Amino acid sequence: MTSVEHRLAASIRAIPDYPKPGIIFRDITTLLGDAKAFRQAVDELVRPYQSLSVHQVAGIEARGFILGGAMAHQLSAGFVPIRKKGKLPHATVRVAYSLEYGVDEIEMHVDAVRPGEKVILCDDLIATGGTAEGAVKLLRKIGAEVVSACFVIDLPDLGGRKRLEALGVEVRTLVAFEGH
Ligand code: AMP
């Protein structure tokens, strides 16, 4: 681990058995509340994208809004919210994605991205990759070029990175934790 990875990993709080037994919830509110860690996380996330002329950063509700908003500002890009169904006021595109038990749906405004625009997808954590896969499908549905997907945390045992890579999306993560 580099010193930056170490600092970021140390700033993330682990809450055992939340929201249910057997899950270790990786709580980034402690990272967000640590000014240096927050700065470092956003700097690391944007670093490889600075010369790419990215048009939009798309963030997944809700923690992806905080990180994605900061990334968009730093890249001088726009920001696109990807939300749980029923929250967006204008016409939307919608996709169902799989959860551990059952399915849910996410939405994006139909005119949030122009065809051909370069978009970076962002969320706090990738686990099974189901949510991010849904987001990539939504973005592609309206013609976006999904250049890359980035996450502060990877849970590699759950296979999300491979799932996105199988869709042809480059994946970047800053720290990895074993287990669920
Ligand atoms: P997945 O679709 O399985 O990749 O799950 C990713 C989404 O669920 C992200 O929006 C995460 O914020 C959240 N999530 C899944 N597992 C965890 C965990 N162990 N700790 C915190 N958030 C999680």
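What you see is a predicted model, and the numbers here were worked out from it, not measured in a lab. For the single chain, residues carry numbers from 1 onward in sequence order. Side-chain atoms are counted along with the backbone in the values below, which use heavy atoms only and exclude waters and symmetry mates.
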With rounding to the nearest 0.5 Å, note down the distance linking [atom1] in [X] to [atom2] in [Y].
| X | Y | atom1 | atom2 | value |
| --- | --- | --- | --- | --- |
| Q74 | M71 | CD | CE | 8.5 Å |
| T30 | F38 | OG1 | CZ | 12.5 Å |
| L32 | L67 | CG | CG | 6.0 Å |
| I120 | L75 | CD1 | CG | 7.0 Å |
| F177 | I24 | CZ | CD1 | 9.5 Å |
| C150 | R172 | SG | CZ | 6.5 Å |

At their closest point, which heavy atom of [X] faces which heavy atom of [Y], and how far apart are they?
| X | Y | value |
| --- | --- | --- |
| C122 | V57 | CB-CG1, 4.2 Å |
| A72 | G78 | CB-O, 3.5 Å |
| A9 | M1 | CB-CE, 4.1 Å |
| P19 | I23 | CD-CG2, 4.1 Å |
| S148 | Y49 | OG-OH, 2.7 Å |

Practice task
Begin with the C-alpha distance, continue with both residues' side-chain angles, and end with the deciding distance and a verdict on side chain to side chain contact (heavy atoms under 4.5 Å, CB included) for H6 and V4.
Solution key: CA-CA 5 Å; H6 196 270; V4 172; over 6 Å; no

Fill in the blank from the handout: Apart from V110 itself, its cluster of hydrophobic side chains linked below 4.5 Å comprises I60, V80, I82, V93, V95, Y97, L99, I106, M108, V113, V119, L121, I126, V136, L138, L139, I142, V146, F151, L164, L167, V169, V171

Practice task
Could you work out the complete set of other residues in the hydrophobic cluster of F25, with links drawn between I, L, V, M, F, W and Y side chains under 4.5 Å apart?
Solution key: I15, Y18

Under the salt bridge (Lys or Arg N to Asp or Glu O under 4.0 Å) test, residues paired with [X] that sit two or more places apart:
| X | answer |
| --- | --- |
| R161 | D154, E165 |
| D157 | none |
| R63 | D124 |
| K36 | none |

Would you confirm whether [X], through its side chain, and [Y], through its main-chain N or O, come within 3.5 Å as a donor-acceptor pair?
| X | Y | result |
| --- | --- | --- |
| H55 | K118 | yes |
| T128 | G130 | yes |
| H90 | H109 | no |

Return the set of residues passing side chain to side chain donor-acceptor pair (under 3.5 Å) with [X] (not counting sequence neighbours), or none when no residue passes.
| X | value |
| --- | --- |
| K85 | E105 |
| R47 | E44 |
| S53 | none |
| Q40 | none |

Exercise for the section: With salt bridge (Lys or Arg N to Asp or Glu O under 4.0 Å) as the test, would you mind laying out the steps for R94 and E107 before giving the verdict? Expected result: CA-CA 4 Å; R94 184 183 290 191; E107 288 185 328; 2.7 Å; yes

Exercise for the section: Only pairs at least two apart or in different chains count here, so list each salt bridge (Lys or Arg N to Asp or Glu O under 4.0 Å) that has a residue in residues 65-83. Expected result: E61-R83

Handout entry: Pairs meeting criterion salt bridge (Lys or Arg N to Asp or Glu O under 4.0 Å) with involvement of residues 17-35, two or more places apart
Key = R7-D34, R13-D27, K20-E100

Exercise for the section: Taking only Lys NZ, Arg NE, NH1 and NH2, and the carboxylate oxygens of Asp or Glu, determine whether R163 and E133 approach each other closer than 4.0 Å. Expected result: yes

Handout entry: Hydrophobic cluster membership, L88 vs F79, 4.5 Å side-chain cutoff
Key = no

Handout entry: Min side-chain heavy-atom separation V152-T173 under 4.5 Å
Key = no

